[in-house]
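Here's the structure we're looking at; comments come further down.
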There are 4 protein chains.
Amino acid sequence: MKEFDKKEAIFNAMLELIVKHGFHASPMSDVAKHANVAAGTIYHYFKSKDELICALYVRHKEQMNEILFKNDDPSRLFKDRFRIFYLLLFNHYTKNKNEFIFLEQFINSPFVNTFSRADLQKFDQPTYDFIRKAIFTQVLRDISPKILISMIMGSAHALIKLQLSGEYNISLSELETAFLVCWDGIKRP
Amino acid sequence: MKEFDKKEAIFNAMLELIVKHGFHASPMSDVAKHANVAAGTIYHYFKSKDELICALYVRHKEQMNEILFKNDDPSRLFKDRFRIFYLLLFNHYTKNKNEFIFLEQFINSPFVNTFSRADLQKFDQPTYDFIRKAIFTQVLRDISPKILISMIMGSAHALIKLQLSGEYNISLSELETAFLVCWDGIKRP
Amino acid sequence: MKEFDKKEAIFNAMLELIVKHGFHASPMSDVAKHANVAAGTIYHYFKSKDELICALYVRHKEQMNEILFKNDDPSRLFKDRFRIFYLLLFNHYTKNKNEFIFLEQFINSPFVNTFSRADLQKFDQPTYDFIRKAIFTQVLRDISPKILISMIMGSAHALIKLQLSGEYNISLSELETAFLVCWDGIKRP
Amino acid sequence: MKEFDKKEAIFNAMLELIVKHGFHASPMSDVAKHANVAAGTIYHYFKSKDELICALYVRHKEQMNEILFKNDDPSRLFKDRFRIFYLLLFNHYTKNKNEFIFLEQFINSPFVNTFSRADLQKFDQPTYDFIRKAIFTQVLRDISPKILISMIMGSAHALIKLQLSGEYNISLSELETAFLVCWDGIKRP
DNA sequence: TATGAATGAGATTTCATTCAT
DNA sequence: GATGAATGAAATCTCATTCAT
């Protein structure tokens with residue numbers, strides 16, 4: 001087994017356990033067992049449990065930015081680009097439940113304070129630039145990009161959470177309507 | 001010290017510690033210290049740590065519903081009622097940071113699964129009814145209330161989180177704009 | 001069992017284990033077993049293993065000062081007082097081997113750096129005063145008390161170590177000669 | 001890098017770490033890092049950590065005997081030869097602090113029991129012979145050489161420890177006086 | 001010889017919970 | 001009810017040692 005494999009196995013084991021049981025109640029011994037490595041091996045790759053958890057967050061944010069923006073085509077109409085962004089977000093997380101639940105748990109926990117504000121912003125820079133330009137070109141409401149992004153992401157995540165909860169199954173057409181709810185709120189009136 | 005006081009002291013100590021350090025890293029012994037009671041005393045009021053945490057959630061939800069709906073006047077225009085609801089939400093949580101952070105941590109953790117789906121819905125019943133009626137009376141978009149509520153609350157909470165993060169200070173006029181972003185999205189077009 | 005007993009039991013268990021196996025190789029679990037307490041109980045009395053070890057040193061130094069000086073009679077001839085001091089030292093440690101071995105191990109380990117120089121001097125203050133006065137009254141050589149004390153204690157401890165090693169059994173008359181070796185060296189010529 | 005260099009590097013790294021942190025708290029991985037070799041390499045030269053530590057002791061004792069006796073001239077007056085021995089001891093250790101601290105730590109730890117009594121005596125044989133002959137020729141007190149050596153070395157080491165502690169700086173003339181303290185004690189009266 | 005990733009037993013410490021007072 | 005000393009299972013993490021390369 002290659003080094004890469006072990007590190008990945010540890011990441012995946014930790015992700016799964018945190019989602020199932022929370023940060024507390026995800027002992028390193030279980031992570032080791034699920035990853036099929038010795039307990040000590042984890043500490044070869046990560047200094048501590050906290051560092052592993054934070055690395056998991058970083059990894060996720062990087063993967064997500066890749067997914068959301070790799071195919072973005074700035075020459076197209078912003079509304080269309082934004083719709084694709086919105087659907088990619090929804091689709092990825094509804095298909096990768098664990099990543100979403102981990103993310104929500106992480107950013108709402110004191111773990112997030114491990115990072116400086118500047119570090120956190122760095123992870124969200126692509127989204128920030130995406131929205132800021134659209135405000136600048138008068139496509140979106142003239143309001144602080146931070147506010148707009150918060151509201152967009154907040155409602156999108158809430159939607160994803162609803163779908164993942166199993167409490168309600170969102171149809172494709174409802175998703176399109178949800179997109180419009182969002183769009184009608186943020187577009188320049 | 002009255003019994004009431006001790007229970008309250010325990011609640012508040014636990015709240016503060018969870019906010020500062022997370023569920024993990026908030027030992028009962030610290031809770032006892034902060035509440036100025038003996039460790040054993042906590043177990044007179046709560047069967048276990050988990051039960052205490054869940055009771056804290058229930059207490060919060062009940063208080064919140066009281067705050068949001070006690071002065072609601074169904075005879076007024078829905079848009080105005082909804083605006084007040086929106087502002088109450090924002091104001092309460094930006095003034096009671098700990099409650100908000102605890103809530104977000106709780107509902108994104110596996111602790112929330114302690115409750116059945118029915119129990120959880122019960123806590124949100126007032127909000128659900130509030131929105132459902134407005135859809136029924138054709139004030140709001142004809143879309144599942146669950147979707148609409150998710151999006152409304154998701155974006156509102158994200159806004160509160162932005163304000164609490166200290167990363168950006170939302171002005172009164174920006175708050176009104178944010179309300180319009182929300183309203184323009186959900187109102188029947 | 002009273003609190004006092006448990007703390008004492010922990011002290012004694014730790015002493016015995018360190019003497020037998022060294023700081024390393026004296027796990028807290030074994031200390032707990034030997035002291036007949038739960039592992040956690042140790043941490044009720046001491047913050048850490050290091051703190052326990054340091055507390056053991058403090059306890060020993062205090063007991064030793066008590067033993068060496070409680071019956072000292074300043075009205076007697078210094079040579080006689082010093083002889084008693086010398087014999088008390090030898091007798092106590094040859095009868096309490098563990099204390100001696102622990103002490104030697106401790107003061108030659110980096111643990112000793114836990115204490116400031118001032119703290120360490122405090123423990124040796126009675127001996128320092130004892131010797132300093134005798135230099136001042138021209139009984140002992142006119143040399144820095146620190147040097148004199150070092151040499152006295154160094155040779156006395158080496159003698160004790162020889163006896164405890166089992167390599168050689170020092171007779172009473174040899175002990176008296178040893179005392180003279182010391183005395184002839186330090187007395188004002 | 002030659003084999004010789006690596007072994008030396010390992011010895012020196014171990015010495016430094018033990019002095020700074022003690023036997024416990026000197027992990028082999030750190031030794032490897034300080035010696036600029038891989039962890040596994042240490043095990044080509046030494047069977048185990050314990051063996052490395054013991055080898056370090058043996059190396060030191062052999063070097064020390066070389067230093068103390070290589071220039072000893074039996075045709076000279078014993079008092080002068082002893083004075084040189086005394087000063088060599090003091091000078092070497094005050095200039096090679098780490099060696100001294102390691103030595104003291106080692107001989108006061110249970111590690112020393114790795115060696116049989118006979119082995120230990122072998123290392124001290126040159127000193128033993130040196131003193132025994134002087135007793136036999138009636139220069140020194142007629143007392144067991146073991147006792148005399150213990151007292152000499154004990155007080156000398158204590159003096160070195162005082163100097164190394166930084167607590168007091170021993171001047172050349174004080175060192176000569178200290179020598180006399182020792183000499184007056186041990187010479188045949 | 002040399003490497004250093006990997007191991008896993010075992011170390012220290014924590015902490016929810018109990019129970020005698 | 002209230003206490004807090006005591007428990008001991010379990011958590012995190014360390015580290016001497018091995019072994020495939």
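Each chain gets a letter, A, B and so on, in the order its sequence line appears, and its residues count up from 1. What you are looking at is a predicted structure, and each value in this text was computed from that prediction instead of being measured. We use all heavy atoms of the structure for the numbers below, so side chains are in, but hydrogens, waters and symmetry mates are not.
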- For atom NZ of B/Lys49 and atom P of E/dT18, their distance in whole Å: 15 Å
- Does F/dT17 have a Watson-Crick or wobble mate here (both distances under 3.5 Å), and if so which one? E/dA6
- Item | C/Phe100 and C/Lys161, any side-chain heavy atoms less than 4.5 Å apart | yes
- Message: Return whichever of B/Ala39 or C/Ala39 has its heavy-atom-nearest nucleotide of DNA chain F closer to the 5' end.
- Response: B/Ala39
- Does A/His44 place a side-chain N or O at less than 4.0 Å from the phosphate oxygens OP1/OP2 of E/dA5? yes
- Whether B/Phe23 and B/Phe111 hold their rings parallel, tilted or perpendicular, with breakpoints at 30° and 60°: perpendicular
- Message: Between C1' on E/dT17 and CD on B/Glu51, what's the gap in Å once rounded to a whole number?
- Response: 14 Å
- Message: Does F/dT3 have OP1 or OP2 under 4.0 Å away from a side-chain N or O of B/Tyr43?
- Response: no
- Return no unless some side-chain N or O of C/Tyr45 is found under 4.0 Å from OP1 or OP2 of F/dA5. no
- Roughly, in whole Å, what's the span from CD1 in B/Ile18 to P in E/dC15? 14 Å
- Query: Which residue, A/Asp30 or C/Ile42, contacts DNA chain F at a nucleotide closer to its 5' end, judged by nearest heavy atom?
  - Reply: C/Ile42
- Query: Considering heavy-atom distances to DNA chain E, does A/Ala38 or C/Ser48 have its closest nucleotide positioned more toward the 5' end?
  - Reply: A/Ala38
- Item | A/His24 NE2 to F/dT12 P, straight-line distance once rounded to whole Å | 12 Å
- Verify, without hydrogens or angle tests, whether B/Glu51 (side chain) and B/Lys47 (backbone) share a donor-acceptor contact under 3.5 angstrom. yes
- Query: Between D/Gly40 and C/Thr41, which has a closest nucleotide on DNA chain E that is more 5'?
  - Reply: D/Gly40
- C/Ile10 has an atom CD1; how far is it from atom C1' of F/dA6, in whole Å? 11 Å
- Item | Length of the line joining A/Phe46:CZ and E/dA6:C1', which is rounded to integer Å | 15 Å
- Message: Can you measure D/Met28 atom CE to F/dC19 atom P for me and round it to whole angstrom units?
- Response: 16 Å
- Query: B/Lys6 side chain N/O closer than 4.0 Å to the phosphate oxygens (OP1, OP2) of F/dT3?
  - Reply: yes
- Task: Figure out the NE2/C1' separation between B/His34 and E/dC15, and round it to whole Å.
- Result: 16 Å
- Would you call C/Phe102 and C/Met14 a side-chain contact if the rule is heavy atoms closer than 4.5 Å? no
- Query: Between the main-chain N or O of D/Asp30 and the side-chain N or O of D/His34, is there a donor-acceptor pair closer than 3.5 Å?
  - Reply: yes
